[in-house]
Amino acid sequence: MTPTPKPGILDISPYVGGRATAPGASKVHKLSSNETPLGPGPAARAAFEAAAKDLAIYPEGGATVLRRAIAAAHGLNADRIVCGNGSDELLTLLANCYLNPGDEVLFSQHGFLIYRIATLANSAVPVVAPEKNLCTDVDAVLAAVTPKTRIVYLANPNNPTGTYLPVEEVRRLHAGLSPATLLVIDAAYAEYVRRNDYESGIELVTQFDNVVMTRTFSKIHGLAGLRVGWAFCPAAVADVLNRVRGPFNVSVPAQAAAAAAIADRAHVETAQAHNDKWLSWLTENIRALGLRVDDSVGNFVLIHFAKDGAHTAAKADAFLTARGLILRGVANYGLPDCLRLTVGTEEANRLVVAALADFLRENKP
Ligand SMILES: Cc1ncc(COP(=O)(O)O)c(C=O)c1O
């Protein structure tokens, strides 16, 4: 006899992060994990460095200063914010708190991988709704709802497709759910979206007791290495999460740097302007090479390659990696013929387009 994990856990394929090395390349551009090329702003860096003197003491467990900073930045009630060790922790914690074995968890075909992992880890059943044009299809999601549906995860915008649902579609989705089903809106890329019909989820959380929105400091704020995320919740959900989360789940430097980052509007605006410019530049220039690129509202694009022959995604990946350009293969998202490219520095973006042009030219079928 050996100790056995809960049913479902051994069905999990462990999450594999974006590669960071390219053996042989003289300079590496990591464009595989949707990190910001600008890094954190000066205020966040300074707060992180100042926190070095406090490493011997435990963090303030309620992350009060950070929650107040988030609340002030977004006009929210700080009591309804819960901070986590990355939004991954909060997405997982919600599953840990609300799922019973056999419950169903619904998400879309190319949804973020953590949803499946969190579901299986709680002996619950992942249910996948097909997408339409690589975008969440509300009708398909609603058609997959059953009395056992306990959580619906919606990445808006979605990773790795870069597509999004307008607020009216999110409302329609919510209207089709039972009040006992939790709708979790994962808005990790919200700050990048420039669409009038987009809303990150705050309005819905304010209105309904069964909607949670999660956000992250890993993307536009440039703090992926520190691991900080937050959830805006109905009061009852915040109470539940606060009972179960680690009492010191956000470290001293993470709390300090994140509080400084969210107050630094100038840095966020600089990062938005960089993304606006280079997201459309990359989309247009890669399309001009004859490759399909979907419209994205995030800080990344999905590039489609040939199914077979000289121009497959795997061959492009190897070609780019040899030049130190690391993109993300997304076969584990059901997209074996695509690579995801994060918007990088001007230098990296130009190198990727030039490398793709060479790849298509040199690797003739
Ligand atoms: C859709 C989505 N949600 C959540 C996360 C997790 O972010 P964090 O670093 O806050 O755990 C990511 C990171 O890639 C993501 O793409």
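Both ligands and their constituent atoms are indexed starting at 1 by order of listing.
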Can you tell me which residue and heavy atom of the protein come closest to [atom], and the distance to 0.1 Å?
atom                    : answer
atom 6 (C) of ligand 1  : D88 OD1, 3.1 Å
atom 9 (O) of ligand 1  : S218 OG, 2.6 Å
atom 14 (O) of ligand 1 : K219 NZ, 2.9 Å
atom 11 (O) of ligand 1 : R227 NH2, 2.7 Å
atom 2 (C) of ligand 1  : D186 OD2, 3.4 Å
atom 12 (C) of ligand 1 : F112 CZ, 3.4 Å

Going by the angle between their ring planes, with limits at 30° and 60°, are F208 and H174 parallel, tilted or perpendicular? tilted

Would you please say whether a donor-acceptor pair under 3.5 Å links the side chains of N159 and R340? yes

Determine whether the side chain, the backbone, both or neither of Y189 has a heavy atom under 4.0 Å from any heavy atom of ligand 1. side chain

Are the side chain of [X] and the backbone of [Y] linked by a donor-acceptor contact shorter than 3.5 Å?
X    : Y    : answer
N122 : A124 : no
N285 : W281 : yes
N158 : H110 : yes
Q255 : E60  : yes

Before we go on, tell me: are the rings of Y164 and Y189 under 6.0 Å apart, centre to centre? no

Within the structure, does [X] bring an N/O atom to less than 3.5 angstrom of an N/O atom in ligand 1?
X    : answer
Y115 : no
Y15  : no
S87  : yes

Could you tell me, atom by atom, which parts of ligand 1 come under 4.0 Å of a heavy atom of [X]?
X    : value
G86  : 10 (O), 11 (O)
N159 : 1 (C), 14 (O), 15 (C), 16 (O)
T216 : 7 (O), 8 (P), 9 (O), 10 (O)
A188 : 2 (C), 3 (N), 4 (C)

Taking C-beta and beyond as the side chain, do R227 and D88 meet within less than 4.5 Å on heavy atoms? yes

Applying the 4.5 Å side-chain criterion to the ILVMFWY set and letting contacts propagate, would W278 and V293 be lumped into a single cluster? yes

